[in-house]
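Beneath this line is the structure, given in structure tokens, with notes to follow.
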Amino acid sequence: MMIAGLDLWFWICTVLGLASALICIIQFLRGAAADDWSQGSIIVLEGFLMIYFVGSIMMQLMTDGPTGDWLEYYGYLLTAMIIPAGTLTWSLSERTRWSTLVLAVTGPVLIVMVHRMNMLWYYY
């Protein structure tokens, strides 16, 4: 299912990424260190990316794969999977409100990366 030339994966990532960013920004503005809400939203993003990874492999097997460079596509995907894991790990060691702000950046970064992966899969 495509909406505005982008598949459902992108739109799910957009909703989850924006919700995560909103949660983390609210927690940051409240002066809260990373907590269950902010870290939980990042765990949800990581879970989404794991499902996306499995879906990509299945689509690779069932179709011709990305129209763009497959190595670049999977490079983006693996990098996207490292970002939430890295920010979550960092927030566990840095117990200040600034770790919550770093967690807030994760969602928008993933939206951009999944958009690029959409371009690689369908258009290049």
Side-chain angles (χ1 to χ4, degrees):
M1 180 175 159
M2 302 286 275
I3 301 172
L6 299 165
D7 67 7
L8 193 57
W9 292 107
F10 170 77
W11 295 108
I12 292 171
C13 182
T14 299
V15 169
L16 293 176
L18 290 177
S20 172
L22 184 64
I23 289 169
C24 293
I25 288 172
I26 289 172
Q27 292 295 80
F28 171 74
L29 294 176
R30 293 179 60 225
D35 60 1
D36 290 346
W37 283 96
S38 55
Q39 291 173 334
S41 70
I42 299 302
I43 291 170
V44 168
L45 286 174
E46 185 69 29
F48 165 76
L49 288 172
M50 287 182 188
I51 294 169
Y52 190 93
F53 181 73
V54 171
S56 294
I57 291 173
M58 291 176 61
M59 288 296 291
Q60 177 84 40
L61 296 174
M62 294 187 306
T63 66
D64 292 336
T67 57
D69 184 14
W70 67 270
L71 190 59
E72 185 179 358
Y73 177 83
Y74 285 103
Y76 267 95
L77 183 53
L78 291 176
T79 303
M81 292 178 74
I82 290 171
I83 290 172
T87 57
L88 182 65
T89 302
W90 190 67
S91 74
L92 290 172
S93 63
E94 177 73 28
R95 304 298 291 176
T96 65
R97 63 186 287 219
W98 297 106
S99 64
T100 308
L101 186 61
V102 171
L103 291 175
V105 175
T106 303
V109 168
L110 293 182
I111 292 169
V112 171
M113 294 188 79
V114 171
H115 182 272
R116 176 68 182 144
M117 286 187 276
N118 254 243
M119 295 297 113
L120 287 169
W121 191 276
Y122 294 108
Y123 301 111
Y124 295 110

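Residue numbers run from 1 in the order of the sequence given.
- With rounding to the nearest 0.5 angstrom, the OG1 atom of T14 is 10.5 Å from the CG atom of L8.
- To the nearest 0.5 Å, atom OG of residue S41 and atom CG of residue D36 are 11.0 Å apart.
- Just one residue in the list V15, L18, L16, T106 forms a side-chain contact (heavy atoms from CB on, under 4.5 Å) with I111, and that residue is L18.
- When side chains are defined from C-beta on, T79 counts as touching M113, because their heavy atoms get closer than 4.5 Å.
- No single ILVMFWY cluster, assembled from side-chain heavy atoms under 4.5 Å apart, contains both L103 and W98.
- In plain terms, the two heavy atoms of M117 and A80 that are nearest each other are CE-CB, 4.3 Å.
- The shortest non-hydrogen separation linking P66 to Q60 is CD-OE1, 3.3 Å.
- Checking each of V44, I42, L110 against S20 for a side-chain contact (heavy atoms from CB on, under 4.5 Å) leaves exactly one that passes, namely I42.
- You'll find the side chain of V102 stays beyond 4.5 Å of the side chain of S91, heavy atoms only.
- Interatomic distance, OG1 of T100 versus CD1 of I26, reported as 12.5 Å (0.5 Å rounding).
- The backbone N or O of N118 sits nowhere less than 3.5 Å from a side-chain atom of D7 that would complete a donor-acceptor pair.
- Closest of all the heavy-atom pairs between W37 and Q27 is CB-NE2, 4.3 Å.
- The line from CG of L71 to CG of L120 is 10.5 Å long, rounded to the nearest 0.5 Å.
- Contact detail for F28 and L101: the closest heavy-atom pair is CD1-CB, 3.7 Å.
- Distance check: D35 CG to I23 CD1 gives 9.5 Å after rounding to the nearest 0.5 Å.
- The same ILVMFWY cluster, assembled from side-chain heavy atoms under 4.5 Å apart, contains both M59 and Y73.
- Following chains of ILVMFWY side-chain contacts shorter than 4.5 Å, one can reach M50 starting from L88, so the two form part of one hydrophobic cluster.
- Heavy-atom minimum distance, L45 versus G17: CD2-N, 3.8 Å.
- Here the side chain of S38 pairs no donor or acceptor atom with the backbone of A34 at under 3.5 angstrom.
- Checked by atom type and distance alone, the side chain of S99 never pairs as donor or acceptor with a backbone atom of R95 at under 3.5 Å.
- A continuous path of Ile, Leu, Val, Met, Phe, Trp and Tyr side chains, each step under 4.5 Å between heavy atoms, connects V109 with I43, placing both in one hydrophobic cluster.
- Both I57 and W70 sit in one connected hydrophobic cluster of ILVMFWY residues. Membership requires side-chain heavy atoms under 4.5 Å apart, directly or through other members.
- Expressed to the nearest 0.5 Å, how far OG1 of T87 lies from CG of L92 amounts to 9.5 Å.
- If you run ring pair (Phe, Tyr, Trp, His ring centres under 6.0 Å) between Y52 and each of F10, Y76, W121, W9, only W9 comes through.
- The aromatic rings of Y74 and F53 sit perpendicular to each other, their planes meeting at more than 60°, with 30° as the lower class boundary.
- The two residues E46 and M81 come nearest to each other via the heavy atoms OE1-O, 2.9 Å.
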